[in-house]
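Positions are given from 1 along the sequence. Keep in mind that what you see is a predicted model, and the values were worked out from it rather than measured.
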Amino acid sequence: MSFAPDTERTLRSIVDLLNTSSPLVDLLSTVADLDQYLSAQSFAGPRARNQAELRSIRLLRSQLQAIWTAPVEEAVHRVNYILRNGRALPQLVTRDGKSYFLHAVTESAPLYDRMAVTAGVALAEVISADGLDRLRICASQDCQAALLDLSRNNSKRYCDTGNCANREHVRAYRARKAAK
């Protein structure tokens with residue numbers, strides 16, 4: 001399944017945001033951590049760079065985590081809430097003067113609103129394309145990372161954050177060898 005390039009980029013950014021949190025470590029525990037995440041995502045625009053902004057992005061992360069594995073009706077409700085709360089105002093814009101994309105929040109909006117509305121628009125596209133099953137949690141026994149399956153045959157099972165696929169294949173190989 002493929003989406004518009006901006007949607008895919010946003011979905012990958014959501015995966016990266018979700019994967020800043022695990023049962024063992026929170027990679028968004030300081031304002032500097034948030035700066036690093038936003039820099040890696042090339043997320044531009046005005047920033048407050050304070051604890052309140054950090055708390056708002058951690059709240060957004062938990063809102064997006066709830067959407068990631070929710071049934072479609074609940075996901076729709078949560079995405080609509082994010083879009084409404086962020087005062088989404090869809091409009092076509094261009095960065096290069098040639099190609100247009102859907103942008104739904106002003107560049108001067110607070111960071112939370114910009115990130116939330118951008119994520120909400122991308123998730124709305126996923127839901128409207130009946131692609132919610134492409135948003136998953138890693139199938140590895142010892143991993144809870146989010147993953148995005150953009151494969152043609154909807155077969156991606158393991159995340160890109162660790163070495164989960166390789167570890168699971170080694171585990172299966174050893175189990176087969178032990179059974180002989």
Picking from I57, L28, D33, what satisfies side-chain contact (heavy atoms from CB on, under 4.5 Å) with T20? L28
Please say yes or no: joined through hydrophobic side-chain contacts below 4.5 Å, possibly via intermediate residues, are V15 and Y158 part of one cluster? no
For G45, is there any backbone N or O sitting under 3.5 Å from a side-chain donor or acceptor partner on R47? no
Just by distance, no angles: are the side chains of R171 and N166 close enough, under 3.5 Å, to form a donor-acceptor pair? no
Derivation and outcome, side-chain contact (heavy atoms from CB on, under 4.5 Å), residues L89 and V105: CA-CA 6 Å; L89 181 61; V105 68; over 6 Å; no
Neighbour count >12 (heavy atoms, 6.0 Å) for atom CD, Q91: yes
L132/L135 under side-chain contact (heavy atoms from CB on, under 4.5 Å): CA gap, chis, key distance, verdict: CA-CA 6 Å; L132 202 56; L135 312 179; 3.6 Å; yes
Using side-chain hydrogen bond (donor to acceptor under 3.5 Å, both in side chains), reason through N19 and S22 one step at a time and then give a plain yes or no. CA-CA 7 Å; N19 290 335; S22 76; over 6 Å; no
Is D160 salt-bridged to K156, going by a charged N under 4.0 Å from an acidic O? yes
Do the non-hydrogen side-chain atoms of I82 and L64 ever get within less than 4.5 Å of each other? yes
Give the C-alpha distance, both sets of side-chain angles, the deciding distance and a yes or no for side-chain hydrogen bond (donor to acceptor under 3.5 Å, both in side chains) between S29 and D26. CA-CA 6 Å; S29 56; D26 186 345; 5.7 Å; no
One thing to verify: whether E53 and R49 come together as a salt bridge, which I'm taking to mean a side-chain N less than 4.0 angstrom from a carboxylate O. no
List the steps, then state whether side-chain contact (heavy atoms from CB on, under 4.5 Å) holds for R58 with L34. CA-CA 9 Å; R58 290 176 67 164; L34 179 57; over 6 Å; no
Crowding at CD, Q65 (>12 non-hydrogen neighbours, <6.0 Å): yes
Pairwise side-chain contact, L111 with F43, heavy-atom cut-off 4.5 Å (strictly under): yes
Taking atom OH of Y81 as the centre, does the number of heavy atoms from other residues, nucleotides or ligands within less than 6.0 Å exceed 12? no
Test item: R87 side-chain N/O and V117 main-chain N/O as donor-acceptor pair under 3.5 Å: no
Do the side chain of T94 and the main chain of S99 share a donor and acceptor less than 3.5 angstrom apart? yes
Would V79 and I127 satisfy side-chain contact (heavy atoms from CB on, under 4.5 Å), going step by step from the backbone distance to the final call? CA-CA 9 Å; V79 167; I127 292 168; 3.9 Å; yes
Is any side-chain heavy atom of H103 closer than 4.5 Å to a side-chain heavy atom of L92? no
